[in-house]
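One structure is given here, and the rest of the page talks about it.
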Amino acid sequence: MEDIFHWCREGNSIQVRLWLDDTEHDMNQGDDHGFSPLHWCAKEGHVKLVEMLLQRGARVNATNMGDDIPLHLAAAHGHRDIVQLLLRERSDVNATNEHGNSPLHYTCFWGYDMICEDLIHHGALVSIANKDGDTPLDKAKLNLSKRLQELAEKNGQELKKISFKDQSWLGLKTRSRDATLSRFKGINIGDLDLHSKLAITPSGETWRGRWQRNDVIAKILTVRQLTSRISRDFNEEFPKLRIFSHPNILPIIGATNSNLIVISQYMPRGSLYQLLHGAAGVVVDTSQAVRFALDIARGMAFLHSLERIIPTYHLNSHHVMIDEDLTARINMGDAKFSFQEKGRVYQPAWMSPEALQRKPSDRNWEACDMWSFAVCVWELATREIPFADLSPMECGMKIALEGLRVKIPPGTSSHLSKLITICMNEDPGRRPKFDMIVPILDKMKR
């Protein structure tokens, strides 16, 4: 593998850009110490590369093995312009590493007074204690400590020390991803430990397992008879699902050589469908619903920028996975291979009328995906299952032939209602493109 980490350390923008342009490359992977490309660029002060990585979707709060986020490294090395960039991208200003230090601890220690002020203006707390019981003010020289204390009081901070053991409010940390996940294609079935069957569907069985110390999901595809032609088609098609270059796409890591099994990274929060309708009853407020919708739209806009691929992908909430940091990611493991039950429809409730009526060659795929997206937004807005009282066959027939449509209930956000209506235009040619609605959702998020 090319040394993306070396290029980031050296600030080689041309090589980094070329590397990012390959869809199989994962910008959120970590090196042996968990440093992602963004970690290295933040540490070394390469502003343009930090901008490039953030624009491409690098995770601003991913941690390395020492629990540092990129903001820790930029702050500790005095790169104010990068600190400001990361803060604009909502970097966690009070994140603490394995020593209990926040970014403010380091800027106080090194006397970077302007960065200290930037951090406090963005909510950095001066009273967080590290493992040794020291707050950022304890690390600063006397004059700077007094100045920052006054600034914190002006910003409404209480100065009572927050001990390290009491920092349960920090929430979950998100590690940079294991680089082995993006390097691997062919998996030896003997190295794959499948221990829990999660689901049986017409397209195959889904299992949870382990591979090289990584939690994975394995989908064993169902075929009537495994022929040499099917094996050939499978080997040609599954590499097209190894899309690591976008944060809202969950790629296929690889596949077994002797069996029709595709492997993807395990997502502990499950699918969007499970999150919205599962027994846990997780509350998704309007703000989070908009963020999920934006994630899905960004992922679909990226897929539509690529050449239409086989296997084919049908968008619905079952096929959107939720990462540990509540990022929605479109699951390439749910794509349908060319040899899998042609013409069979599994979740018609999310499909457009023309997708149910016409053969694939006569469809406007982008417009069909937009309709499916609208149903997902309706689902996010209402927290209801579309046409839950109908069987899949009844549902598909009524959508295709009888004009069955989801109804937007009173009290739904006016912005989401308007978006659903626009995206479900009965005329496929008048539905917007995903790159048109991304900026709309981005404004709604703020």
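Just so you know, these numbers come straight off a predicted model, no measurement behind them.
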Derivation of the side chain to side chain contact (heavy atoms under 4.5 Å, CB included) call for I217 and Q265: CA-CA 6 Å; I217 292 294; Q265 186 181 353; over 6 Å; no
By salt bridge (charged side-chain N to carboxylate O under 4.0 Å, His left out), which residues pair with [X], not counting sequence neighbours?
X    : value
D68  : none
R56  : D21
E205 : K197
E51  : K48

Residue set satisfying ring pair (Phe, Tyr, Trp, His ring centres under 6.0 Å) with H122, at least two apart, ordered chain then number -> none
Flag, side chain of [X] to backbone of [Y], donor-acceptor distance under 3.5 Å:
X    : Y    : value
N64  : D67  : yes
R431 : M370 : no
S417 : S413 : yes
N94  : G123 : yes

Tell me the ring pair (Phe, Tyr, Trp, His ring centres under 6.0 Å) pairs involving [range], sequence neighbours left out?
range            : value
residues 286-308 : H246-F302, H304-F434
residues 39-67   : F35-H39, F35-W40
residues 64-107  : none

Quick one: do the S13 and R17 side chains pair a donor with an acceptor below 3.5 Å?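 Distance-only check fails for S13 and R17.
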Assess the side chains of H277 and E379: does a donor N or O sit below 3.5 Å from an acceptor N or O? yes
Should the pair F337 and F234 be assigned to parallel (<30°), tilted (30 to 60°) or perpendicular (>60°) ring geometry?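 If you compare the ring of F337 with that of F234, the planes turn out tilted.
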Salt bridge flag under 4.0 Å for residues [X] and [Y]:
X    : Y    : answer
D193 : R210 : no
R242 : E24  : yes
D369 : K433 : no

I want to check something: taking the side chain as every heavy atom from C-beta on, are [X] and [Y] in contact at a cut-off of under 4.5 Å?
X    : Y    : result
L71  : N61  : no
R298 : D442 : yes
P409 : T382 : yes
S264 : V216 : no
I408 : I420 : yes
L250 : M267 : yes
T135 : L104 : no
K161 : I128 : no

Checking side-chain contact (heavy atoms from CB on, under 4.5 Å) against L86, which of V93, V60, D92 comes through?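 Testing L86 for a side-chain contact (heavy atoms from CB on, under 4.5 Å) against V93, V60, D92 leaves exactly one candidate, V60.
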Which one of I437, L315, N248 satisfies the side-chain contact (heavy atoms from CB on, under 4.5 Å) criterion with M300? L315
Any residue meeting side chain to side chain donor-acceptor pair (under 3.5 Å) with S372, in chain and number order, not counting sequence neighbours: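 S372: no side chain to side chain donor-acceptor pair (under 3.5 Å) contacts found.
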Ring centroids only, cut at 6.0 angstrom: are W207 and H195 within range, meaning strictly under it?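 No, the ring of W207 stays outside the 6.0 Å limit from the ring of H195, centre to centre.
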For A76 and Y112, which heavy atoms make the closest approach, and how far apart are they?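 Residues A76 and Y112, closest heavy atoms: O-CE1, 3.5 Å.
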Taking every non-hydrogen atom, the tightest pair across N97 and G66: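 Shortest heavy-atom contact: CB-O, 3.2 Å.
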Considering residues at least two apart in sequence or located in another chain, which fulfil the side-chain contact (heavy atoms from CB on, under 4.5 Å) criterion with Q157? I120, L125, V126, A152
So with a 6.0 Å cut-off around [atom1] of [X], is the heavy-atom count from everything else above 12?
X    : atom1 : value
W365 : CH2   : yes
F109 : CZ    : no
D285 : CG    : yes
E158 : CD    : no

The complete set of salt bridge (charged side-chain N to carboxylate O under 4.0 Å, His left out) pairs with one or both residues in residues 107-127, sequence neighbours excluded, reads R80-D118, D113-R147, E117-R147
Per the salt bridge (charged side-chain N to carboxylate O under 4.0 Å, His left out) rule, what does the pair list look like for residues 126-139, sequence neighbours excluded? D134-K139
